[in-house]
Student: 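Below you will find the structure I want to go over with you.
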Amino acid sequence: MQNMGIEVLFKGINSLRLWQGLWVTIRIALISMVFSIILGFLLGMVMNIPNKIIKFICRIYLEIVRIMPQLVLLFLVYFGAAKHLGMNLSGETAAVIVFTFWGTAEMGDLVRSALISIPKHQYDSGYGLGLNKWQVYLYIILPQTIRRLLPSAVNLLTRMIKTTSLVALIGVVEVLKVGKQIIDASRYTNPTAALWVYGAAFFMYFIICFPFSRLSRVLEKKFAD
């Protein structure tokens with residue numbers, strides 16, 4: 001029985017289906033992360049504008065993202081867009097929209113915190129050198145903000161990669177979806193196929209996420225020093 005489980009696993013891996021599914025997972029996470037970083041920086045700067053209405057709107061956005069599960073957001077975008085907006089979104093497109101919506105909120109709050117943590121004398125020093133507001137942000141504030149954000153941004157990417165497992169529920173053929181297909185195909189010939197296939201999926205997630213986790217710790221320690 002054990003040999004049959006290993007045989008099913010190797011058949012799935014040799015057919016490259018699991019690796020192709022893993023690439024879908026990584027692609028969704030990376031595209032979402034790129035958009036989240038760009039929009040998150042803009043949101044973080046907007047959140048620091050001393051305007052009560054803007055702060056209130058940003059707070060509502062953050063609370064919606066934090067309270068509502070990502071799975072509910074996926075269903076709202078994927079099924080809601082098709083029913084109420086007449087838009088036939090693919091599963092990957094819906095996933096990128098949802099993870100960007102979530103990642104932008106998380107990244108924006110990180111940028112806001114990083115900007116607040118920079119001492120006021122850093123701004124004053126830039127103005128004292130004759131720099132204008134945008135030059136102060138570009139040459140003084142932005143580099144320090146990026147240094148403080150890097151560990152948290154890497155952690156967010158790791159969380160995003162793991163959370164992409166939810167997209168299988170809207171029909172995206174990522175690594176867990178492929179694994180389920182292999183298990184279903186082997187249900188009668190090998191009842192223990194799930195152990196080996198999901199074990200392989202765990203290993204794939206591990207080899208992707210562990211380096212990012214280590215990188216985050218190294219960056220955090222380096223910048224703390």
Side-chain angles (χ1 to χ4, degrees), residues 21-49 55 57-78 91-118 137 141-170 172 174-176 201-225:
L22 182 65
W23 168 240
V24 173
T25 295
I26 296 172
R27 183 171 66 231
I28 292 173
L30 289 178
I31 294 174
S32 302
M33 193 63 193
V34 169
F35 284 121
S36 297
I37 290 174
I38 296 172
L39 297 176
F41 262 95
L42 296 176
L43 177 63
M45 290 187 286
V46 169
M47 291 173 68
N48 280 327
I49 296 176
K55 288 182 178 294
I57 294 173
C58 292
R59 178 53 56 185
I60 293 296
Y61 171 39
L62 288 176
E63 291 302 322
I64 290 174
V65 171
R66 288 172 177 171
I67 292 174
M68 189 173 296
Q70 285 83 12
L71 181 58
V72 176
L73 290 173
L74 280 170
F75 285 163
L76 284 175
V77 173
Y78 184 67
E92 286 192 38
T93 302
V96 169
I97 291 173
V98 169
F99 288 125
T100 299
F101 182 78
W102 166 50
T104 297
E106 295 285 350
M107 196 69 192
D109 201 32
L110 292 173
V111 172
R112 179 193 63 82
S113 301
L115 290 173
I116 290 176
S117 67
I118 296 176
Y137 262 99
I141 305 304
L142 189 59
Q144 295 184 63
T145 302
I146 292 175
R147 284 172 58 90
R148 300 180 186 211
L149 278 175
L150 277 176
S152 300
V154 174
N155 274 330
L156 179 59
L157 175 59
T158 304
R159 289 165 54 198
M160 197 169 286
I161 291 173
K162 292 185 291 186
T163 310
T164 53
S165 59
L166 296 175
V167 302
L169 297 176
I170 59 172
V172 179
E174 46 75 66
V175 63
L176 290 186
F202 164 79
F203 177 72
M204 289 178 174
Y205 275 111
F206 179 80
I207 62 177
I208 295 299
C209 293
F210 182 73
F212 287 118
S213 178
R214 293 296 302 170
L215 176 62
S216 175
R217 293 181 183 180
V218 170
L219 291 174
E220 188 174 354
K221 184 177 179 180
K222 178 180 178 181
F223 295 147
D225 295 337

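Both backbone and side-chain heavy atoms feed into the values below; hydrogens, waters and symmetry mates do not.
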Student: Does any part of the side chain of Val65, heavy atoms only, come nearer than 4.5 Å to the side chain of Phe101, both counted from C-beta?
Tutor: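 Yes - at least one pair of side-chain heavy atoms lies under 4.5 Å apart.
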
Student: Between Val167 and Glu92, is any pair of side-chain heavy atoms under 4.5 Å apart?
Tutor: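 Val167 vs Glu92: side chains apart.
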
Student: Evaluate side-chain contact (heavy atoms from CB on, under 4.5 Å) for Leu43 paired with Tyr61, printing each intermediate quantity in order.
Tutor: CA-CA 11 Å; Leu43 177 63; Tyr61 171 39; 3.5 Å; yes

Student: For Phe206, check ring pair (Phe, Tyr, Trp, His ring centres under 6.0 Å) against everything at least two apart and list the hits.
Tutor: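 Testing Phe206 for ring pair (Phe, Tyr, Trp, His ring centres under 6.0 Å), a comparison that skips the adjacent residues, returns Phe210.
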
Student: Would you name the heavy atoms of Met160 and Gly103 that are closest together and state the gap between them?
Tutor: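 Nearest heavy atoms, Met160 then Gly103: CE-CA, 3.9 Å.
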
Student: Please tell me if the side chains of Asp109 and Arg66 come closer than 4.5 Å, counting only heavy atoms from C-beta onward.
Tutor: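 They are in side-chain contact.
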
Student: Quick one: does Leu74's side chain get under 4.5 Å of Trp102's, heavy atoms only?
Tutor: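 No; the side chains remain at least 4.5 Å from each other.
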
Student: Find out whether Met33 and Ile161 are in side-chain contact, i.e. whether some heavy atom of one side chain is under 4.5 Å from a heavy atom of the other.
Tutor: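 Not touching, per the 4.5 Å side-chain cut-off.
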
Student: With heavy-atom distances below 4.5 Å as the criterion, would you say the side chains of Tyr137 and Thr145 are in contact?
Tutor: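 No - every pair of side-chain heavy atoms lies 4.5 Å or more apart.
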
Student: Between Thr100 and Ser32, which heavy-atom pair has the shortest distance, and what is it?
Tutor: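 Nearest pair, atom of Thr100 first, then Ser32: OG1-CA, 3.6 Å.
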
Student: Could you walk me through whether Leu156 and Arg159 satisfy the side-chain contact (heavy atoms from CB on, under 4.5 Å) test, starting with their C-alpha distance in whole Å, then the side-chain angles of each, then the deciding distance to 0.1 Å, before giving a yes or no?
Tutor: CA-CA 5 Å; Leu156 179 59; Arg159 289 165 54 198; 4.0 Å; yes

Student: For the side chain to side chain contact (heavy atoms under 4.5 Å, CB included) test, which of Val46, Leu110, Leu149 pairs with Phe41?
Tutor: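 Output: one option passes, namely Leu149.
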
